[in-house]
Structure formats: C-alpha cells, structure tokens
Amino acid sequence: MLYICICVECLLLHPQVARVWRRLIQVREREAEEGLEDSELLELWKEMTRLLQDTVEDQDNETQQHLILAFERALQMMVDVPSEVHKSLSQDYIKCLSKLPHEVAKLKEVCDATLSRYPTHPYPLEALSENYIRTDDCNEEAVCCFSRLSELDPNNSQAHFGLGIKACQDKKYEDAIKSISLGLKRMRSSIIGWYNLALAQLKMHKYSDSATASSQGLKSSVGNSDDWTHKLQKLKLEALVRTGREQDADEALQILTQISDAKNDPVLLALKGRAHLQKGQTEEAFQVSAELLSSHPGSVEGLTLKGLAHVAKEQHKQAEESFLEALSRSPDNGELFFLLGRLYWSMGDEMRRDRNKAHTHLLKAAKLDPYLGSVFRFLGHYYKEVAKDQGRARGCYKRAFELDSSDAEAGAATVDLSMEQGDMDSALTVLQSVTERATPGSAKWAWMRRGLYHLKTGQHQQAIADLQAALRADPLDWVCWECLGEAYLNRRSFIAALKAFDKAHALQPTSIYSLYQTAAIKQILGRFKEAAAEYRQISEQEDYVPALKGLGECLLALARNALDDYLDGRAVDLIQNAIHYLFRAVKQRPDLSCLWKLLGDACTTSRTVSPNRAKVLVPGALCGMDPPDQSHTLDQRQLLTLGERCFGRALKLMPEAPRLWCDLGLNYYHQSRLLNCLYPEDDAQSLLEKAMQCVKKAIKLDSANHTYWNTLGVVAMAKGIENFALAQHCFIKSVKAESNNVVAWTNLGALYLKKGNIELSHEALKIAQSLEPLYVNCWIGQAIIAETVGSFDTMDLFRHTTELSTHTEGVKGYAYWVCSTLLDKSNRDSELYLYNIVQMNAISAAQVALSKYTERIQTDPDAFIMLGYLNTHLQLKKQATEAYRRAVELLQASPHTDQLSFALRGYGRALSDDGQWEEAVRVYSSTPLEELHDLIGLALACFRIGRLPESVQSYEKALVVASSEKEKACILTALALIQHRLGSMDHAKTLLFKCSMLKEPVPESLQCLCALGLVHGDVTLASATLTELLKLGEPIGGAVEERCLLTCTLLALQGNFSGVHREAARAIHRNPGNPSLWALLSRLVPQYCPNKANGGAVAGSVACHASLTLGKRALLYSGVNQLASGRHSGEDRRRNALKTIQRAVLLCPEDPAGWAGLMAACHTENTACLLTGSAPRREDLERAHMTLVSEKVKSLQAEDGLLAQALEGWVLQQAVTGLKQSSQYDQAETLCSQVLSVSPEHPVVFLMLRQVQCERLLLSEASNCVPPAVLDQLSAAVMANHTSVSAWHWLAEVYRSQGLLAQASVAYRKSLQLASQLGDHFGKMSSLLRLALLALMPCLAGVCVSEWKDLVLEASAEVLKMGSSPVALLYQALLQFSIKMGARETRRLLEKIVYASASGSSETIASVARWYLLRHLHTKDDLELIDTLLVKATAEGDSRLVDFHRRLYPSS
C-alpha cells in the first residue's frame, strides 16, 4: 500500500505518468487472476477516475483515453447495477465526456446507456442538451432531448435554452423569449442564454430589452472567449442604435471604438451612421454611407443608411431612390418596405392624396416582419384617416401596441378608438396594463386617458391620482393641468382646482378655458372682485357668453355687498356695469332665460339706494329708447320697469319657472313701494295686485318652496292690501315647509307686533333668534318690543343690531337712544351711562352707522339732526354743519316748528364751531331768540366777528332768560371778557367781582379775574383770586392745567423762578396721568430752570407717549430742552436735539415753531463741529429755514400776532448769527438790509445790521480800532433797543475789545439794571458774571486795582446769592490766584472746584481750575498733591493738563 500511495503522489505531480498507474493496474490484474479480489481492482479504477477527471480539459489525448478506459472498466466491474454508486459514476463519466468535444459519439452512447438503466435521471439529457446548444444543433433529435429533459425537470435551464433557441430559429420569438427567460432564472451567468435572449428581443424589435440582455451577457462573458464578447457587443450596438434615443447613440459610438474590425464590417459601419443620425449629425451619416458604399459597392446597409440620411434632410426623392435600390438587392427585407411605406406616407401633396402606394408597402412590410410594431401603427393611420375603417384601424393600433408597449401613439390611438366605439372595458384594460407596469414619470398618455375616463365616470379621487401621475411625466402639459383642475373642481376642492387652472393659464396664456374656470372658482369662493377682473380679461378678447354671464353675476354680487356696506354710489356703478356686460351676453344669446333673469335682478337691485342716486346709463337697445346705439340715463322707476320687462322676457322662454314668477312679483312689489313714497298720486294698487298674482303663480308651480310663501306674506302685509290673515297663513306655511326658516319667523313676529300682540311677537322673534343668532331683523324686532314695554335693555339691543350689520331701523333706533342719553345731563356718573356711552364707544358707533343711514335715506330730517348732534360731540365740525344744513332744508316746509328751531340752533352752533361766524349770526337771527342757547350762541358769534355791542346786547338778554346762578355767572364772565376787550378794565373787574359774590361762583370767573391781574402785573389781585380759587377744591379735567399755569405765572411774576419748576412738578405728582402737565413742565424748564433741562426733555417725552394730541408739541418742547442741555449728535447720535426736533417737524410740518427749533438745532450742530475742529455739515440752511418760518407764521398771525412777530424776529436773529458764524458777513448785511427796506422802523434789525458792520470792521486788517463816531452810532442803536439785555452785552464786548473797560463796565451795569427791571433772572445772572469777568481780566494781567478787585468780589457774591454757580466760584479763586498765587486760600478755593461733585458743574470750569491749581502746586513744589491732581485729570480725560505737566517737568 505504501507503494500505491507513492504512485498517487507522483500522479498528482505529473499527469503524464498516468500510464504508470495503468501498468500498476495491469500488474494487479494479473495478480487477480491468481486469486486477488475484484473489489480491490475496482477501487483502483475508481481512484484513477477520481484523480484524473477534474483536469480532463488540460490532459493530452493519451491521458484522456486512459481516463475513458478507467471509467469503462470501472463501470464493467461493478456488480451492483443499477445502484446509486453506479449512477454517480456514470454521471461523472458523462460529465467528463461532455468536456471533450471530439467524444460526442461516445457521449451520446454513454448517455443512451445511462438513460436505459436510469430513465428518470435527467443529467444525461442535460449533458446532451448542453452539447446540442453549444454546437448550435437544433435538429429533431435535439428537440426531442430538450422536450424529454423539460418533462423530467421542468425548471431545467438547459431544456429551456434549447427550446428557446429552437423557437428563435423557427421565428417564434415570443416563445423563445419566454423559454430563455425561464432558463436564465436558474442560470444567470449563462452567456449563451443572454445572447439568445437578446437576439430574440432584437428580432421582436424590443431594443431596450435587447440592450439590457446584451449588457448582462457581457458581464457574464468576462474571462471567457472573446468570440462571445464580440457577438454580444455587436448585438448590443444594434439594439442601442435602433432605440432611437440620443443617449443610446452616444453609448453605441463608444462600443464601436471597442470593436477592433468595426471599419471593415459593413453592418457595423451602417450602425455607426445610424447612430450619427440619432444624434442629428446628418453630414457625418452621409460621410459614413459614402465610405460604406465605396468600400462595399451596392451594400444594402449602405444604401439604407443613405436613404435614412436623405429622409433626415427631407430629400424624399433621393431617399426613395436609395431605398428602392436597396430593395432590389434585398427584396425580402421587411424594414426596407416599411421605410418606403413611411416615406410615401409623409411625402408631398400628390402622394398624400393617393396613399395606396404607402399602404401596399406597409402591408408587404407587415408580412415580411410581423413583429415590427411601427408598420401596424402606420397601417392604423391609413385605415383611420384614408380607408375610414375604424375597426381595422383599431386592430392595427392594438397589434402595434402589443408588439411595442412603449409606443405611446399606438396605445393612445387604441384607447381612443375603443372609447369611440363604446368598448370601455377594452380601453380600460389597456390603460390598466400600461399603468401597472409604468415607472414614475412615464406613460403620460395612459395616465391621462385613464384619468379622463375616471373623470367621466365620476371617480374624481382616482382621476386626480391618475392626472397627477401624468403630470409627473410632463409637468408643462397645460391640457393635463386643466384636466386636473376639472377633477379637483368636480371633487369640490376649489383651492386645489384654482391652483391647477392658474398653472395651466401660466403655461398657456391664450387658453380661455383655464382663465374662465379660474374666474368661476373665485366666484364660487366669494372672491368676486378677482373673478370679475379675470372675466373682464376674457370679455376684452371675445364675447364669450359664459364669461359675460359670470362677470355680470360677480358685479351684481359686488353691488349687493356694497349695498350691505351702504356704499350706494359704488353699488350704482357696479349695477350699471353689470347691465352693460349682461346686455352684451344677451345680444349673443337672446334665447337664454338666465341672462334675462340676471338683467332683471340687476335692475331690481337698484331699489335699495336713494331715488336721487339711482341714475344708471342703460343701452338704448335694451331700454327701448332712441337712438338705440347710445346709452340713456334711467331713474329708479324706469329701472324697475325695465327689470319687469326683462323678467317677462325670461318667462316667455321659461313660462313654468317658479323662481322667475316670484322675482317678477317682487319687482311689482318694489315698484308699488316706490310709487307710494315718491309718486303718491299714482295708483300703486294695481301693481300690488300683479305682485300677488305672480307670487301665487310661483306657489302654484312649486308649493313646497318656503321662499315663495314668505314672499306672498310680505306682499299681503303691504300698505294697500293689508290682508293680515293671508299674511299669517303664508308665514305659517313657509315655516311648515322649512322649519329652520328664520326670515319667516321674523316676519311672523313683525306681523304680531304690528297687530299689537306683544307676547306672540316676542315668542316668534325668540324662535328666529335661536335659529340664526346673527340675523339682525329679529334683534330689531326684540329691540322695538323692549322699547314698547320700557325695558332698560332697549339701547343695548339696538346697539347689538348695529354690531351685527347696518340696518336702517336698527341704526335709527340706536342713534335715537344715544342722543337721548347724551341730552340728559343728569346721568353722566351713572353706571348705565358709563357702560352704554363711554365703555361701548356709543357716540362713534352711532355716528358711523347714522352716516350710512343718511347716505341712503336722504329725506329723514330726524336722522340728520341726530347726525349733526353726534358729529358735534366728536368735534367733526364740517360734517356737523352739513348734517344740520340738510335737516334745516328738509324742515323748511315742515309744520314742525320745534324741530326746525332745534335744527337751526344746532346749525348755528356747528357754524360757530367751524369758524363761519357770519353765517352763524344769520342762522341764529332766524330763530325766535327766546331760548338761552340761541341768545348765547348769537352773542358768541357776534363777539367772534367783532360786533361787540351786539354781543353785549345778546348776553344781557340771555342774562334775563338764565334760570340758574351758574348760568348767570357764566354770562357775567363772558360780559367781563367783552368789556376787557373794549378796554373797560374797571367794568370788567366789577363784573368778575359780581360773579364771585354769587351763591354758586364758577371757577372760570375766578380764573379770568386772576388772569386779568397777572396780565396787568397786579400781583395782589392775582394772589387773592388764586387763593379763592384754591378754596373751591381740587380741579378736574382741563382746569388742572389752567390752575397750574396761573400759579406758575404768579410765581414767575413774583421772581420765584425755582418755585415755577417746583409748582409744575408738584402738580404732576398730584396728577401723574395728566399729559398736559408733563408738557407744561417741559415747556417751563428751559425758560425758568435751564440747569434741569435733561429733566425737561424727559417730561416732554412722557407727554409725547401719553397723548397723541399733545405729542406733537411736547416733542418740540423735549427738543428745546435738549438744546438747553447742549445735547448734540457728537455726544449721542441717536438721542439729540436735532433728531428730536426733526421728528417734531415731521409730525407737525405746519408749525413755524418747529422749523425755528430745527434752525436752532442745526446751528447747535455747526457750533459743536467748530468747537471740535471738524467741518460743519449743515451750513447755508439759514435762508431756507427763515423762508419756511415766514410762510408758516402767516397762519399764526390771526391767532397770536405778538407771538408771530416775536418768532419772526428771533428767526432773523438766528439767521444773522449763523451767517456771521460762517463768516458770510455780506449775506448777513444783505439780509438785514432787505428786512429794513420792507420795515424801516425796526430797531432790532437796525441793531443787527450795525453789529454785522462792526464785527466786519473789527475783523478787517485795515482797522484795528473802532472810530469814536462808530461807537456812538452803536451806542445809539443799542439805546433804541431798550428791552434787549443781549444788546448791552454786545456793546460791552465791543468796548472791551477796544480797551475801554470803564465804558464796558457801564454797559454791563445798564444790562444788569434792565434785566432787574424786566425780571429776567438769567439776564441778571449773565450780566453779573460778565461784569465779574471784565473786572477779573486786569487782575489776572497784574493790574490788581482795588476797584476791579472789589467789583469781582461784589458781582460773584451777588451771583452766588441767586443760586449755586461754579463760574462765580472760579472767578473768586482766580482773583485770589492773581493776588497771591502761593497762598493756602488759593489752593482751597481751587480744590473746592476741582474736587467738587460733578453734578451741575461744567468740565470746562474744572479743567481751568486744574490748570491754575497745577501752577500753584508747582510753585509750592508739592509733588504728592501734583500726583493726586494728575490722577484726577487722567480719570477725567484732561490731556491738556497732562501735557502741561510734561512741559513743567520734562524729566518726569
């Protein structure tokens, strides 16, 4: 055995020594003859087969023969036959033989033998089948083998491959594809399987499938024979070329580069040319065809390619010649017949008239190539369009689609013809089959047709899904978007439908349908304005009747909405437009009853508006007036008559339409009401009878309609019929027909109310309220019932009716109750008044509602009186005047004199409020002048126009009529004011004292007396009166501000300026919510307490935020305070005087004070820029601002001439100052000269002119001193301005500049004296400080005369007595420094300023004090204190001192 193992190893290492193994077996055979067992020998043969069978392909012929012998001897020696071992060995033997192509005969022999022993064993048949397939042998024996194998193993791939290949050879391509596909399920890597599958699919013209199968085969061929790769590449190339897709052509050209002998193969060259044609490269295709025909003359492929190239260039004759020549060389080529047939189908007019030639070629092509679907598609075209044989056409289309399921045209034609012939099931089956296998974004035609089918059958949800799938394939198909919109619309998904139609219209702007449907949906959604705009677009293009009808409906709906909002003018315009467009539609389709009904509705809708407003232009052809081609203006009666005619025309077309009869009856009813109102002399009874008959006709045609019963009840209640029993019967019938009938229940309640049955009316109206709580008529009925029984809820109910909607009855009722409540002055503090009037904003609500009421009903004087009264309460002066005027006009011919007197009284008061005093006097004079209000109204009007004696006379008459002490006190106060105006001061005081002696003195009289004392400087009288005024108790309302103003004025008159600020602040603490007090404080601070200007700015801001009315002026006050505190943009870019005053001017551009403040703010900004060394950015604005203020101040002249004059003077001074600051002396002098040319006697301007000339003289290089004559002129100019403190200051500065210190001191003393006389606190302080500085200058210069020293101390001490002043302290310290620089007192005074609290002090003052303190400490050489001072200076940012210290101590 060891010897055997060694031999086995040798055999494994060297197959050529198999013969050694054979000899060993021979030796063992001889030993067997001597008694060795056959089993051992059998094992040797089997071992030999086992060792050699795995490498049989690599063995030489001798070894292969040894292996065959081993199998045969082993099989012969086996005793147990049949058995599994024998079957397994036989299978190995067959497997071995199948690998040897030259042993085919033996393979068949062994297979037959094995099959005879094992008839159910499939492997022998499988091996034979594989051999047949490999050798491409599909004879009967092979087919029998395939069939037998398929019976034994139905899933055997070889059997399926063999049967498929046979079917392919027999041109049964469908069976071939089916069989090969089954085989490939178990053998995915079979190259032969993929190749034959691709070939069969190519023959059936399934090019995409063929290309896919070829690609799979190429993947499997990696590592196998190059022949298979070459075959599969050619197959894939042809499939890609024939798909007709450009991307496939690119791939095909890439494959051509991988095929080595492509240039020599005419088929491959032809495919290359076709690929170029797919890409639209016609010239390249011609070039390839030329090369092909030159290398292969007469080649069918070349001629075909040339013909296709000619077709691409629409050279039909040349293409025909090429195809015919190719057909002559290949007469059985079905593709050529198809190409010729297609060419003939698309050729010129003569060929199109005779399509038989195309038909003949197409039939021939179908016969030669029955799998070419395009042939059947064109045949379908022929039978459909030429032969008119829909049955054959459908069959051809169906065949084409069966052959090529991607042929959308054929599929669509099949479905369309099936639907035309009524075979919906077949059509749906086709569509179902396509959509089931369609990928997302494909098969648009199928999805769309199935969607349309579902849309037609009412399956809207499925239709939407199908149409959405169609749009995934082509999102830009506007027809598909329209179909989707239609599906959404049928499903009542209006928003989605609207979006779909909008998209369709965006893709196809000329589509009328999508635009119409968009408008129709918007109309359904109630967006009438948008719908009307789109309907109008359509009507501008053509007279499309549905669009004109829709436009008329939308305009009519908008008109009704306008009427609901009481916009009657707009409603009339809309009605006119609706009639115009509906008449255009009627001219196109006069046979449509709906159009005539709409015209009738439009005419009848005009019944709601006021008769004098219902003037409508109507085409002459419609209203029957001449000329018919022009429009004529119809009044309300003519419009209703025209509506009657239109309804009659509609009834002629549809005589059995109950709705039309009811509309006609309502038209007659409204005509009768109009006659009763405007034409009482005409007989309205006949119209009511007609209305009754028409409505009864409607009920006869449709007795179940509750609306008709309700209408008949309304007509039966009309004045002239008043058949209340019939009306009750009709309303009950209406309720029975429709239980949830709020209108009928309300009308029934109104009927019971009219008959005086309150309980039944209340019950009926209560039911109506429960049915529809928002129906206003039932609430009005309940309000009238509450008014009838005297309920406290009456006003609340009427208010609720106005909140629900505007209704004439509800509006008038609510306005009546509001006015009644306002006229009752005794209930102002009651909870009922506070809730009904104040909390519910009743005055505004009633005024708005009543304005709408009077806009429609213009013949009701009571309504105009109430409207005027409410407008007066709301301070709507012009509206109140107009309302009272209309009331007076309506009442002029009325017998109600009381009403007329009341209206005249209100009219006069409104005219007075509006400033029309002359007209007010005329109106008041037309009254009986017996009432107190008439007399005092006349007196006030006369006073306003300057007729003071007449005013006094009227007030004296009123004093006689006055019934109460309070009224008499007010009249006496007014008389006192008139006497003051007349200059009779003593008489005025007497009248005011008389007022104060009454039992019920009024605060107004005391306020007038106090103001009188203040104006004339009588502090005693003002103080005493104010004391009496304070005894009356705390003021309320506007009296708080007036009393505070009087107190502050008294304090200012007494010289207590700090008390002014404290009094205003005290008033604010008592009334923190009063914005007027905050505004007053902000106004007072810059004038009387400028050191608290930051607080004044805050006060103005509070007033601005607290009150919109005061906010405009308070904002200006806040800006002035910021000016006083020096807050400019350099300190704070967001919160500064310029920004604040700009906002004030923006809010109130007509206020001249705002523009003056803006001028000052700009000057402040320029000054701040000059101080910081930067260029001013707001120059040359002085003249513009001055012009603006001069224009705006004109409106102020009438109100306050003194203020206007002062403002103009101040602006002039500011402009001159700004011009001087920017060195524009020429312009400043010109400006002053211009003003003097207009007003020569203007001392202030003359002084400014002299100041400009003097400063210009001082700045000139030619003159360093001012001549005495000029100084005398300047002194005279200053003397002329005897009330100007600043003029004396300026003169003193001129004297100082000329070294005339004594004269300067005299000027300063004069300014001090003048300031004391005027009570100018700050002028006095300024004069003292300037005088102290004047005296200090010679002291600092070393001329320390006792006179100057005493003057410094005296002036600074006086300033310190008036209040804290860091400047005065600095002057005292500098005086001490000049007297004895090193004294301890000098250091004490300077340190007091340097290290004092920063509040209220200036950094400039502290910086100057640090400068002198450093000099003092340098003299004393006190380094420690110097270091402390430097730390302080560094903390304050005083770089100037640090630099000075560096110069004093350069080594430090």
How about [X] and [Y]: does a side-chain donor come under 3.5 Å of a side-chain acceptor?
X      : Y      : answer
Asn747 : Asn710 : yes
Ser514 : Gln508 : no
Glu486 : Gln517 : yes
Asn741 : Ser734 : yes
Gln390 : Gln421 : no
Arg394 : Ser418 : yes

Inset, instruction - Specify the closest pair of heavy atoms between Cys554 and Ala532, including all atoms of both residues, with the distance to one decimal. - result: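 Looking at all heavy atoms of both residues, the shortest contact is CB-CB, 4.1 Å.
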Inset, instruction - Kindly give the heavy-atom pair with the smallest separation between Thr711 and Cys662, and that separation in Å. - result: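 Scanning both residues completely, I find the closest heavy atoms to be OG1-SG, 3.7 Å.
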If you measure from the Lys or Arg side-chain nitrogens to the Asp or Glu carboxylate oxygens, is any gap between [X] and [Y] under 4.0 Å?
X      : Y      : value
Glu882 : Arg886 : no
Asp416 : Arg449 : yes
Asp860 : Lys812 : yes
Glu855 : Arg613 : yes
Asp601 : Lys597 : yes

Would you indicate whether [X], at its atom [atom1], is surrounded by more than 12 heavy atoms from other residues, nucleotides or ligands within a distance under 6.0 Å?
X      : atom1 : result
Arg536 : CZ    : yes
Arg491 : CZ    : yes
Met424 : CE    : yes

What distance do [X] atom [atom1] and [Y] atom [atom2] have between them, rounded to the nearest 0.5 Å?
X      : Y      : atom1 : atom2 : answer
Leu660 : Arg649 : CG    : CZ    : 13.5 Å
Leu688 : Tyr669 : CG    : OH    : 8.0 Å
Leu431 : Ser426 : CG    : OG    : 10.5 Å
Cys646 : Leu582 : SG    : CG    : 9.5 Å
Gln461 : Asn490 : CD    : CG    : 12.5 Å
Tyr488 : Trp481 : OH    : CH2   : 8.0 Å

Is the shortest heavy-atom distance from the side chain of [X] to the side chain of [Y] under 4.5 Å?
X      : Y      : value
Phe583 : Leu595 : no
Leu634 : Leu642 : yes
His460 : Leu455 : yes
Leu574 : Arg560 : no
Lys615 : Asp635 : yes
Gln523 : Tyr535 : yes
Arg659 : Tyr708 : yes
Leu484 : Lys503 : no

Do the side chain of [X] and the main chain of [Y] share a donor and acceptor less than 3.5 angstrom apart?
X      : Y      : result
Trp478 : Ala506 : no
Arg856 : Leu563 : yes
Gln636 : Val609 : yes
Trp745 : Asn740 : no
Asn667 : Asp663 : no
Gln541 : Ile538 : no
Asn705 : Thr707 : yes
Gln576 : Val616 : no
Arg645 : Leu622 : yes
Thr457 : His454 : yes

Legend entry - Evaluation steps, side-chain contact (heavy atoms from CB on, under 4.5 Å), between Val695 and Trp661: CA-CA 6 Å; Val695 181; Trp661 284 106; over 6 Å; no
Inset, instruction - Measure up the Trp779 and His800 rings against each other and bin them: parallel (under 30°), tilted (30 to 60°), perpendicular (over 60°). - result: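 Ring orientation, 0 to 90° scale: perpendicular.
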Legend entry - Any residue meeting side-chain contact (heavy atoms from CB on, under 4.5 Å) with Arg584, in chain and number order, not counting sequence neighbours: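 Applying side-chain contact (heavy atoms from CB on, under 4.5 Å) to Arg584 gives Ser539, Asp543, Leu548, His580, Tyr581.
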Inset, instruction - Decide if the gap between the ring center of Tyr397 and the ring center of His381 is smaller than 6.0 angstrom. - result: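 For Tyr397 and His381, the ring centres are under 6.0 Å apart.
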